[in-house]
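Structure first, then comments.
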Amino acid sequence: MRNAEIADAFNDLATLYELDGAVRYRVLAYREAARVIRQSPVAVADLAREGRATELPGIGKTLAEKILALVESGEIPAMAKLLGRYPRSLIEVTRVPGIGAKRARLLFDELGVSSLAELREAAVAERIRGVRGLGPKVEDNVLAALDRLGAEGPTGRLLLAEVLPVATELATALRDHPASQEVEIAGSARRRTETCKDIDLIATASDPGALAHALAEHPLIAVAGHAGEAGARSTTHNGVKVDLRIVPPDAYGNLLQHFTGSAEHNVQLRERAVAMGLSVSEHGIADVASGKVERHRVEADVYGRLGLTYIEHELREGTGEIAAAAAGELPDLVTIDDIRGDLHSHTTLSDGKATLDEMAAAARERGYSYLAITDHSASHGFGNHVTADALARRIEEVRGWNEGAPRGFRLLAGSEVNILPDGSLDYPDELLAELDWVIASVHTAFRTGRAEMTERVLAAIEHPLVDCIGHLTGRLIGRREPYEVDVERVAAAAVRTGTMVEINGNPNRRDLSERNARLAAGAGVRICVNTDAHQVRTLGNMVYGIATARRAWLRAAQVANTRSWRGLERLRPRNLS
DNA sequence: GCCGTTTTCGGCCCGACTGTTTTCAGTCG
């Protein structure tokens, strides 16, 4: 059982307890446990079986027993009991914006509402206003929220690649405005999460009203809401909500820190502050004893006041960064400027849009010193069918290109070879041996199950001519679940054989995920950050690969393609042993 | 339900907003 499934069960259980009127902190304990389980880099099911679940922070004896029960029997007795009292569909009702557990329970008791459909019926029939404490406004909000849920689909979140360029363009435009002083993207876009709900901008200004209107009038904005001294709310043409907050300069650091989040990071920060006799809010840091409030113009001073080194925004997820900052042990994160080359790209030979020449020129323009051309292999099934002969000709073509190439840049003859269901590769070894660089990836038969998939990938890792494993879990964010593979075993084998593992920078993939990348790199796996570009433009997806690498706490030394090609070659499996 | 730089009991993050209330509970980020 996956961590995400266990976490979902505990979140549901938390909601059921909340519906049942349990004390708030008990509910909180279940939610915190769900969060910790979801973020755990190791399989919590295994920990529970080994009796080690209590090693996780926030998991005590009771919760450990419940995890074990869930893993071994598929259900938690306490949950089954509560589900006898409240239908499962009532959990959905608590997720409607504006309706929490208290109101859901009230509507369940008073009106018999137990599902989203019944909630809608009750609102339409104007029966909600008959419940004490609720009124007609709640009915309006419920209907609007239900319509929104329907329209936005299950999550309503957008990929970072859909949000960050818009946020960057708006921030740039505001910075160029004469009334602006400081402008920064905040929220999840600043943390470079995989998906974002909206865009938060924080600014200081000499003329706040003018800056707010500048946003409202920007060409990207389709619907301008209220714009005033405090900021503006708008929606872009592609449906992204933009919230600009204009704040006083003396508390800019406090506000930027607060609105960058994450929620978990802020909670942990405030807990630390309380232990120091301080109280943190977006308005400043108060000394509880004296009541005196200090404001901070820059974020570094907020962290400094709490005895912490500056925490890079990508790390602010409540996954250990506060303890590390307190100990002065935060890693010096890899940056995009550290990247010397891209080791995964496609051309028109398989399914890419650009020629070898075009991709090479674009890579040079990016300042790289190498680019691996890794078209799909023979059995791929879509794009062109790159036969062994075609690949042999391509190898000659690359060698010829390099002879006439300018100094300081070279193309690498490579391939993205399919890992077939039995773990074998679909080119003969003699041909692979001719290549400079071999990525092995799974593209077919995803649903073979965890054990089989793990063996399949391990076989490729053991192959002496495989340099790197591509997009390990095959996930497409929001569209396709990762396929099941034992990342710990993969990592252990990769360390032993010297095989590298990719962080694929395609914003739909970002695979390894930050959690898996942190786990793998922590085990000693050498990571490659690649784009898998299929055209010139998507070579720019390196920013998303680097975002994941940074969120995985990676230093430059852990990323193979921060080295020169000569330096990288020395790390390869075919040069080991 | 968890946990210990005050603690094995008694705490457990902060503030804004909304809608319903006549002083506040619920919800949200």
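Remember, it's a predicted structure, so these values are computed and weren't measured experimentally. Convention: sequence-line order gives letters A, B, ...; per-chain numbering from 1.
Close approach of DNA chain B to chain A, defined as any atom under 4.0 Å from a non-hydrogen atom of the protein, starts and stops at B/dG1 to B/dG29.
Every residue meeting the side-chain contact (heavy atoms from CB on, under 4.5 Å) condition with A/His283, not counting sequence neighbours, appears here in chain and number order: A/Ser281, A/Arg295. Applying the ring pair (Phe, Tyr, Trp, His ring centres under 6.0 Å) rule to A/Tyr17 yields the partners A/Tyr30; only residues at least two apart in sequence or on another chain are considered. Annotation: side-chain contact (heavy atoms from CB on, under 4.5 Å) contacts of A/Glu65 (sequence neighbours excluded): A/Lys61. A/His213 pairs by the ring pair (Phe, Tyr, Trp, His ring centres under 6.0 Å) definition with nothing, not counting sequence neighbours. Residues that satisfy the side-chain contact (heavy atoms from CB on, under 4.5 Å) test with A/Thr235, not counting sequence neighbours, are A/Val223, A/Lys241. With sequence neighbours excluded, the residues satisfying salt bridge (charged side-chain N to carboxylate O under 4.0 Å, His left out) with A/Arg38 are A/Asp8. Annotation: side-chain contact (heavy atoms from CB on, under 4.5 Å) contacts of A/Glu118 (sequence neighbours excluded): A/Val113, A/Ser114, A/Ser115.
The stretch residues 1-26 of chain A comes close to DNA chain B through A/Tyr25, A/Arg26, each having a heavy atom under 4.0 Å from the strand. DNA chain B lies under 4.0 Å from no heavy atom of any residue of residues 247-255 of chain A. Residues from residues 100-112 of chain A placing a heavy atom under 4.0 Å of any atom in DNA chain B, listed by number, are A/Gly100, A/Ala101, A/Lys102, A/Arg103. For the segment residues 278-297 of chain A, residues with any heavy atom less than 4.0 angstrom from an atom of DNA chain B are, sorted by number, A/Ser279, A/Val280, A/Ser281, A/Glu282, A/His283.
The closest side-chain donor-acceptor pair between A/Asn506 and A/Asn504, if any, does not fall under 3.5 angstrom. Counting only N and O atoms by type, the side chains of A/Arg192 and A/Tyr544 include no donor and acceptor under 3.5 Å apart.
Partner A/Arg550 forms a salt bridge (Lys or Arg N to Asp or Glu O under 4.0 Å) with one of A/Glu321, A/Glu317, A/Glu312 and no other, that one being A/Glu312. With A/Glu18 as reference, A/Arg31 is the one residue of A/Arg26, A/Arg31, A/Lys102 to meet the salt bridge (Lys or Arg N to Asp or Glu O under 4.0 Å) rule.
Positionally, the nearest nucleotide of DNA chain B for A/Val267 lies more toward the 5' end than for the other of A/Val267 and A/Pro136.
With both pairing distances under 3.5 Å, B/dT8 is matched to nothing as a Watson-Crick or G-U wobble pair.
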